[in-house]
Participant: 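Once you've had a glance at the structure underneath, I'll fire off some questions.
Numbered from 1 within each chain, the chains take letters A, B, ... in sequence-line order. Bear in mind that the values here come from a model prediction, so they are computed numbers and not experimental data.
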There are 2 protein chains.
Amino acid sequence: MTQSHNCKNELNDVELRATPARLAVMKLLETSSKPIDVQTIISFLEKKDIKADPATVFRIVNMFTEKGLVKPIQLHEGKFRYELANIADHHHLMCNICGDIEDISDCNIDALEKDIKKKKQFTVTSHSLEFFGLCSNCQK
Amino acid sequence: MTQSHNCKNELNDVELRATPARLAVMKLLETSSKPIDVQTIISFLEKKDIKADPATVFRIVNMFTEKGLVKPIQLHEGKFRYELANIADHHHLMCNICGDIEDISDCNIDALEKDIKKKKQFTVTSHSLEFFGLCSNCQK
DNA sequence: TGACAAATGCAATTAAATTGCATATACTAA
DNA sequence: TTAGTATATGCAATTTAATTGCATTTGTCA
């Protein structure tokens, strides 16, 4: 039986057991348009009546990161946010005023990474590119 | 009387008083080749027999950031590093193995920022671009 | 269904960073 | 040089993010 999309399979693929909390976190990440912090995950789980201790949520995002399911993001907030790792390379625009986060793609950073390899003999495995400024609303 | 370079003047320029701790932090930042975290600043001050409470050091880097003297940097460590703001646009290479930090310049990100303005009506005021991977030593 | 490794809950702990308030100090003006 | 004052600091308490140890629970597979 073919199946369109299934969080359980994704967890199986990386040899993680499909617990209610993990499945819910995966679903939240899949439906969210912006990187999510641990507090937001905790609130989401509470609303869904899935009880999960903060320690568990931290363990979940760390495990997901280790297994390559998610990518940690830092936006100068003093905490981490997380987003799915298997989405196309993209970056974020964060508004200094309202804090809203938008995605942006097409940064063509591959060329730069090749240049780094040549110049510095440094092999890039990942990068983070974030922009801060004023969103269209807050410029008014 | 012309003066080559003077931390005190830089502080005066942004209307901050030239205290021993602030002067020492400025000097440390000016001589350092990589962004520095608060713990490193504290150790440096201790070695120089300049006593400064951690709370004071946090206040100093926050004040420097607010006044535009320094720029906070995040390298997925769960803490901030700081570097002088008035140096040419550049980015960092952080080694996943040894944690060493190298600088890299010539990223030509201006074009991308103009593109963002056009596409998203988002005005970029700052950006952060960090690369993670393997330095030349750790590839062996 | 039963066994067992893996995941969780709970409590304690660590580390980064912030805050309130009393005291000390850098700067300004006299 | 000194006195007055706004500013900066020290200290202690607190907040928030994140981690850890250990007993208990649960998902998975035979």
Participant: Does a sphere of radius 6.0 Å around NZ in B/K79 hold more than 12 heavy atoms from other residues, nucleotides or ligands, not counting ones at 6.0 Å or beyond?
Facilitator: yes
Participant: Which donor-acceptor pairs under 3.5 Å do the side chains of residues 13-26 of chain A make with protein atoms, sequence neighbours left out?
Facilitator:
residue	atom	partner	partner atom	Å
A/T19	OG1	A/R22	N	3.3
A/R22	NH1	A/R17	O	3.0

Participant: Quantified as the angle between the terminal helix axes (five pairs each), what is the overall bend of the helix from C/dT1-D/dA30 to C/dA30-D/dT1 to 10 degrees?
Facilitator: 40°
Participant: If you measure from NZ on A/K119 to CG on A/D115, what distance do you get to the nearest 0.5 Å?
Facilitator: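 Rounded to the nearest 0.5 Å, the NZ-CG separation comes to 4.0 Å.
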Participant: Give me the residues of residues 59-67 of chain B where at least one heavy atom lies under 4.0 Å from an atom of DNA chain C, by number, or none.
Facilitator: B/R59, B/N62
Participant: Hey, what do you get for CD (B/E113) to CG (B/N108), rounding to the nearest 0.5 Å?
Facilitator: 10.0 Å
Participant: Mind checking the CG-CD1 spacing from A/L75 to A/I101? Nearest 0.5 Å is all I need.
Facilitator: 5.0 Å
Participant: Do B/V70 and B/V57 land in one hydrophobic cluster if side-chain heavy atoms of ILVMFWY residues count as linked below 4.5 Å?
Facilitator: yes
Participant: Please tell me which of B/E15 and A/L16 maps to the more 5' nucleotide of DNA chain D, matching each residue to the nucleotide holding its nearest heavy atom.
Facilitator: B/E15
Participant: Between P on C/dA6 and CG on A/L23, what's the gap in Å once rounded to a whole number?
Facilitator: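 So the two atoms are 18 Å apart, to the nearest Å.
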Participant: Show the nearest heavy-atom pair for residues B/P72 and B/F80, with the distance to one decimal.
Facilitator: CB-CD2, 3.8 Å
Participant: Could you walk me through whether A/L93 and A/H91 pass side chain to side chain contact (heavy atoms under 4.5 Å, CB included), step by step?
Facilitator: CA-CA 7 Å; A/L93 310 177; A/H91 308 285; over 6 Å; no
Participant: Give me the distances for all protein-to-nucleotides 23-26 of chain C N/O pairs that come in under 3.5 Å?
Facilitator:
residue	atom	partner	partner atom	Å
C/dA26	N3	B/R17	NH1	3.0

Participant: Would a single hydrophobic cluster contain both B/F122 and A/M94, if residues Ile, Leu, Val, Met, Phe, Trp and Tyr are joined by side-chain heavy-atom contacts under 4.5 Å?
Facilitator: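 Per the 4.5 Å side-chain linkage, A/M94 and B/F122 are not co-clustered.
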Participant: In terms of hydrophobic clustering (I, L, V, M, F, W, Y; side-chain heavy atoms under 4.5 Å; direct or indirect links), are A/I104 and A/L84 co-clustered?
Facilitator: no
Participant: Would B/I73 and B/I60 show up in the same hydrophobic cluster when neighbours are defined by side-chain heavy atoms closer than 4.5 Å?
Facilitator: no
Participant: Map B/K8 and B/V38 onto DNA chain C by nearest heavy atom, then report which one ends up closer to the 5' terminus.
Facilitator: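 Its nearest nucleotide being more 5', the pick is B/V38.
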Participant: List for me each residue that meets salt bridge (Lys or Arg N to Asp or Glu O under 4.0 Å) alongside A/E83, sequence neighbours excluded, and say none if there are none.
Facilitator: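 A/E83: no salt bridge (Lys or Arg N to Asp or Glu O under 4.0 Å) contacts found.
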Participant: Is it possible for you to say whether A/L69 and A/L28 belong to one hydrophobic cluster, with membership spreading through side-chain heavy-atom contacts below 4.5 Å?
Facilitator: yes
Participant: Where does the chain A footprint on DNA chain D start and end, counting 5' to 3' with a 4.0 Å heavy-atom cut-off?
Facilitator: D/dA17 to D/dT28
Participant: Please tabulate, one pair per line, all N/O donor-acceptor pairs under 3.5 Å involving side-chain atoms of residues 129-140 of chain B, not counting sequence neighbours.
Facilitator:
residue	atom	partner	partner atom	Å
B/E130	OE1	B/H92	ND1	2.9
B/N137	OD1	B/K140	NZ	3.3
B/Q139	OE1	A/K117	NZ	3.0
B/Q139	OE1	A/T123	OG1	3.2
B/Q139	NE2	A/Q121	O	2.7
B/Q139	NE2	A/T123	OG1	3.0
B/Q139	NE2	B/L134	O	3.0

Participant: Under the salt bridge (Lys or Arg N to Asp or Glu O under 4.0 Å) test, which residues partner B/D100, sequence neighbours left out?
Facilitator: B/K34
Participant: Sequence neighbours left out, what pairs pass side chain to side chain donor-acceptor pair (under 3.5 Å) with at least one residue falling in residues 54-76 of chain B?
Facilitator: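 Matches after skipping sequence neighbours: none remain.
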Participant: Give me the atom names and distance for the closest heavy-atom approach of A/Y82 to A/L29.
Facilitator: O-CD2, 3.4 Å
Participant: Does any residue of residues 74-85 of chain B have a heavy atom under 4.0 Å from DNA chain C, and if so, which ones, in number order?
Facilitator: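 Per residue number, the list reads B/G78, B/K79, B/F80.
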Participant: Let's see if you get this right: which residues in residues 39-57 of chain A place a heavy atom under 4.0 Å from DNA chain D?
Facilitator: A/Q39, A/A55
Participant: Return all side-chain donor-acceptor pairs below 3.5 angstrom for residues 38-55 of chain B, not counting sequence neighbours, or 'none' if the list is empty.
Facilitator:
residue	atom	partner	partner atom	Å
B/T40	OG1	B/D37	OD1	2.7
B/S43	OG	B/Q39	O	3.0
B/D53	OD2	B/A55	N	3.0

